[in-house]
Amino acid sequence: MSSIILEARDIRYRYPRSMEAIRGISFHIRKGEKIALVGPNGAGKSTLLMMFNGMIRPDTGIILFDNQPVRYDTASLRTLRKRVGFVLQNPDRQIIAPTVYQDVAFGPTNLGYPETEVREAVTLALRHVGLEGFERRPPHQLSGGEKKRVAIAGVLAMDPDVLVFDEPTGGLDPSGSEDIMELLDELNLEGKTVIISTHDVELAYPWADRAILLLAGTILREDVPEVAFGNPEFVRTAHLSLPTLLELYIELQKRGFPLPEKKPLTVLDMMHIIEPLFQTTCCHTGTGTITVCNVDKDRQELLSAWLLARPKIPVGAMGTRAKQCASNEHIPLDFTYGVIDKCILKALLGEDTLILTTESMVERVYTRVDAYVTESGIHITVNPLAPGTGRAKKESGRQP
Ligand code: ADP
């Protein structure tokens with residue numbers, strides 16, 4: 001196993017006149033690892049990343065780089081920043097010079113490299129990020145993806161051992177994001193340790209060697225992605241969503257299908273898992289019912305009484321008013337996005353659910369369930385909470 005390159009020992013940090021942003025965090029990162037810090041906004045990801053190259057100094061605890069405690073005098077920080085490159089989320093904040101060449105040359109020039117070495121470092125870095133020929137271009141005329149590459153080249157020109165990216169795909173379109181993630185993989189394959197922060201679970205899940213789930217300045221979980229994201233409770237606590245492939249795997253597991261222990265990281269992995277299942281038959285025990293509460297019409301007392309009689313029923317809410325209603329009435333929500341699909345999944349397991357929804361979205365519940373029933377041939381009943389507030393009861397498809 002390779003040696004440790006970065007380590008945090010019980011670090012804490014509070015911004016002036018603010019709450020504690022990092023609350024006693026310890027972990028280590030090995031040379032050559034791909035690490036994703038994953039958490040919702042405000043979890044402390046950027047703050048933690050900024051400690052890796054000394055931009056922020058912990059109030060207590062220590063950061064070690066290459067087994068040495070980080071020192072904060074100017075000379076030590078200069079050496080550290082050569083070895084730990086930091087790419088900001090917004091390239092406009094990182095790119096400072098009037099041409100691409102001058103910008104990428106800024107780091108090596110500052111480090112006192114002779115002219116020929118600077119030129120060599122810039123050429124190599126621009127080639128690395130696929131921007132050869134861009135030397136004379138003014139950065140402000142470039143696309144978002146190209147600016148990001150200039151910022152990365154500026155860091156690569158110093159040939160750091162560790163690359164830290166704050167939200168590497170923030171503001172990029174899907175294909176620009178894929179390109180950047182591919183570049184990160186390439187750099188990692190060349191031996192760099194790569195650390196990213198993201199709230200994008202789908203991005204982190206197949207990419208990272210290890211994921212560190214952060215919430216409110218503490219580590220909630222730290223493990224290989226299949227394990228770190230494998231517990232729906234943890235994922236929900238971290239205000240994140242399950243990676244789709246993992247969610248699918250868990251749903252198949254609940255239905256008793258024989259599955260390999262190794263969870264799928266890619267669609268291809270998933271295909272390997274599900275192809276043999278086509279020969280097996282799934283055994284439904286009977287479907288659950290989805291009840292729809294129209295929060296714009298249904299009386300509050302009726303809803304309260306209904307819930308009182310079904311204390312454990314999973315509840316989802318669609319629409320701002322429905323979520324507001326749940327909050328006002330202290331109704332804990334099990335689903336707040338992808339609500340209809342999640343209730344269909346529960347129904348397939350034989351479980352009843354309740355959807356709180358606004359008037360305008362009632363029809364969507366029936367339409368989506370209808371579409372599923374037609375496609376699958378499996379019967380699912382949708383009932384309005386109070387007669388006359390939903391659509392007429394739908395019953396179609398065959399009984400499982
Ligand atoms: P993330 O990157 O996960 O979104 P941050 O590290 O930016 O989280 O923020 C962690 C916490 O620190 C948040 O509560 C945020 O409001 C606070 N914070 C971040 N930057 C500052 C700052 N410059 N001054 C005061 N508080 C800050």
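Ligands are counted one by one from 1 in listed order, and the atoms in each one are counted from 1 as well. Scope of the values below: all heavy atoms of this structure, side chains included, with no hydrogens, waters or symmetry mates. Quantities reported herein were computed from a predicted structural model and do not represent experimental measurements.
Comparing heavy-atom distances from atom 6 (O) of ligand 1 across Ile56, Val38, Thr47 singles out Thr47 as nearest.
Residue Asn41 has at least one heavy-atom neighbour below 4.0 Å for each of these atoms of ligand 1: 4 (O). Near Ala43, meaning under 4.0 Å from one of its heavy atoms, ligand 1 places the atoms 1 (P), 3 (O), 8 (O).
Protein heavy atom in closest approach to atom 8 (O) of ligand 1: Gly44 N, 3.1 Å. Of all protein heavy atoms, the one lying nearest to atom 15 (C) of ligand 1 is Gly42 CA, 4.9 Å. Taking atom 27 (C) of ligand 1 as the reference point, the nearest protein heavy-atom neighbour is Tyr15 CD1, 3.2 Å.
For the pair Lys263 and Glu226, the salt-bridge criterion is not met [side-chain N within less than 4.0 Å of a carboxylate O]. Salt bridge present: Arg368 and Asp341 bring a charged side-chain N and a carboxylate O closer than 4.0 Å. Ionic pairing of Lys254 and Glu251 is present here: one or more N-O contacts between side-chain nitrogen and carboxylate oxygen are shorter than 4.0 angstrom. The pair Asp185-Lys34 counts as a salt bridge, with a side-chain nitrogen and a carboxylate oxygen less than 4.0 angstrom apart. Electrostatic pairing of Lys342 and Asp334 does not count as a salt bridge here, judged by no charged N lying under 4.0 Å from a carboxylate O.
Within the structure, ligand 1 has Pro40 among the residues with a heavy atom less than 4.0 angstrom away. Heavy-atom distances between Gly39 and ligand 1 stay at or above 4.0 Å for every pair.
Geometrically, ligand 1 and Pro16 share no nitrogen or oxygen pair separated by less than 3.5 Å.
A donor and an acceptor atom, one from each side chain of Thr47 and Tyr15, are located under 3.5 Å apart. Side chains of Asn383 and Thr291: a donor-acceptor N/O pair is absent below 3.5 angstrom, by distance only.
At a heavy-atom distance under 4.0 Å, only side-chain atoms of Ser18, from C-beta outward, approach ligand 1. At a 4.0 Å heavy-atom cut-off, ligand 1 does not touch Ser197 at all.
Under the side chain to side chain donor-acceptor pair (under 3.5 Å) test applied with Arg321, the options Thr358, Thr357, Asp296 reduce to a single match, Asp296.
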